[in-house]
There are 2 protein chains.
Amino acid sequence: MLQLDYKSGVPICEQIVNGFIRLKALGVLNGGDQLPSVRSLAIKLSVNPNTIQKAYAILESDGVIYSVKGKGSYMAEGSSSDLAVIKKAKENFKQAVTSANQLGLTNLELKELVDEVLKEEAE
Amino acid sequence: MLQLDYKSGVPICEQIVNGFIRLKALGVLNGGDQLPSVRSLAIKLSVNPNTIQKAYAILESDGVIYSVKGKGSYMAEGSSSDLAVIKKAKENFKQAVTSANQLGLTNLELKELVDEVLKEEAE
DNA sequence: TTAACTGTATTATTTCGATTAGTACAGTTA
DNA sequence: TAACTGTACTAATCGAAATAATACAGTTAA
């Protein structure tokens, strides 16, 4: 369900946040679905519960999930494409495209790089 | 000439490396042009000389610049530095693809964004 | 030759963010 | 009541990045 890369340099908390956003965007998790509890996910991922807590707090403030004390945390309703984080991600990517293009990379080259990266990711 | 964002989270050293690569790619700096000295740039950017030293060392190992003890550091000539610039641009872009994909953006969506941006650029 | 530049090297220290650790409190449910 | 849930808080640990302080070596011009 969630896959962490402990040696990627990307903060664990951020990986968890992005992971749930991804699961929502891909339709693996839908509005109303319950997330693992803070403690159980911490054990499963072998990280500190505080790290999960922090990730869930960020997800909630981003409107991706909502939490109910004593019950659990749940995926928020609504289209993932409407999420502010997705919009921000698109803006960041467009910025990257602009930068790469200014450094001389062509449309075709950029698309080849997209394929190259996503092929690696799939493994 | 070089613009740093101290609160971006991106290491200063990395910003300096990318900055000179960008200046080379944009034609602001050309082969043979002398770079600011380690100490003067450190003062100008209000950072430690060791940070500049580290950035220059990375640029030199990447073939973007060359340094002569006692004289200074200079932009590398022609193809070698061009290759380094392209290589760096590709690395940066691949990183952006990975980030965007982690948030759920698909191969197709990313390619559409590439088209969207480059269509705007062409105008 | 000397003074003032240049790059380079080295070690120690500081700083800061991320994470861990431990504990406590509050709400829900069987 | 017991065992779950989320939440809050402080302290400690860890590591990467940057700083600090020197020292050494080559170049250049007065």
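From a predicted model like this one, the values you see are computed outputs, not experimental measurements. A, B, ... follow the sequence lines: proteins, then strands. Residue 1 opens every chain. Values below: every heavy atom of this structure, side chains too, minus hydrogens, waters and symmetry copies.
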[atom1]-[atom2] distance between [X] and [Y], expressed to the nearest 0.5 angstrom:
{"X": "N101(B)", "Y": "T106(B)", "atom1": "CG", "atom2": "OG1", "value": "8.5 Å"}
{"X": "M75(A)", "Y": "D33(A)", "atom1": "CE", "atom2": "CG", "value": "7.5 Å"}
{"X": "T98(A)", "Y": "L103(A)", "atom1": "OG1", "atom2": "CG", "value": "11.0 Å"}

**Of all pairs that satisfy ring-ring contact (aromatic ring centres under 6.0 Å, His included), the ones with a partner from residues 66-86 of chain A, not counting sequence neighbours** = Y66(A)-Y74(A)
**Asked** Do any of residues 64-74 of chain B sit with a heavy atom less than 4.0 Å from DNA chain C, and if so which?
**Response** S67(B), V68(B), K69(B), G70(B), K71(B), G72(B), S73(B)
**Item:** Close residues, residues 38-54 of chain B, relative to DNA chain C [heavy-atom separation under 4.0 Å]
**Value:** V38(B), R39(B), N50(B), Q53(B)
Ignoring hydrogens and angles, write down the donor-acceptor pairs under 3.5 Å from the side chains of residues 35-42 of chain B, residues two or more places apart or on other chains.
residue, atom, partner, partner atom, Å
S37(B), OG, S40(B), N, 3.1
S37(B), OG, S40(B), OG, 2.9
S40(B), OG, S37(B), N, 3.2
S40(B), OG, S37(B), O, 3.2

**Message:** Let me test you: for the helix from dT1(C)-dA30(D) to dA30(C)-dT1(D), what is the angle between the axes at its two ends (five pairs each), rounded to 10 degrees?
**Reply:** 10°
**Message:** Does anything in residues 99-114 of chain B form a salt bridge (charged side-chain N to carboxylate O under 4.0 Å, His left out)? List the pairs, not counting sequence neighbours.
**Reply:** D115(A)-K111(B)
Output side-chain donor-acceptor pairs under 3.5 Å for residues 2-17 of chain B, partner residues at least two apart or in another chain, one line each.
residue, atom, partner, partner atom, Å
D5(B), OD1, K7(B), N, 3.1
D5(B), OD1, S8(B), N, 3.4
Y6(B), OH, L45(B), O, 2.4
S8(B), OG, D5(B), O, 3.1
S8(B), OG, V10(B), N, 3.1
S8(B), OG, Q15(B), NE2, 3.3
Q15(B), OE1, D5(B), N, 2.8
Q15(B), NE2, D5(B), O, 2.9
Q15(B), NE2, V10(B), O, 2.8

**Item:** Pairwise side-chain contact, L113(A) with V97(B), heavy-atom cut-off 4.5 Å (strictly under)
**Value:** no
**Complete:** From NZ of K7(B) across to C1' of dG17(C) the rounded distance in Å is 18 Å
**Asked** Under 3.5 Å, side chain of S99(B) to main-chain N/O of Q95(B), donor-acceptor pair present?
**Response** yes
**Message:** Just to be sure I understand the rule, does E14(B) reach a base, reach only the sugar-phosphate, or reach nothing, if contact means heavy atoms closer than 4.0 Å?
**Reply:** nothing
**Opening and closing nucleotides of DNA chain D in contact with chain A, under 4.0 Å to non-hydrogen atoms** = dT5(D) to dC9(D)
**Request:** Sequence neighbours left out, what passes side chain to side chain donor-acceptor pair (under 3.5 Å) with S67(A)? Give chain and number order.
**Result:** S73(A)
**Message:** Holding to side chain to side chain donor-acceptor pair (under 3.5 Å), I want the full list of residues that pass it with D82(B), two or more places apart in sequence or in another chain.
**Reply:**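 So D82(B) forms no side chain to side chain donor-acceptor pair (under 3.5 Å) with any residue.
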**Message:** So, using salt bridge (Lys or Arg N to Asp or Glu O under 4.0 Å) as the criterion, who are the partners of K71(B) when residues are at least two apart?
**Reply:**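 K71(B): no salt bridge (Lys or Arg N to Asp or Glu O under 4.0 Å) contacts found.
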**Request:** Determine which pairs satisfy side chain to side chain donor-acceptor pair (under 3.5 Å) with at least one residue from residues 53-64 of chain B, sequence neighbours left out, and list them in order.
**Result:**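 For residues 53-64 of chain B: none.
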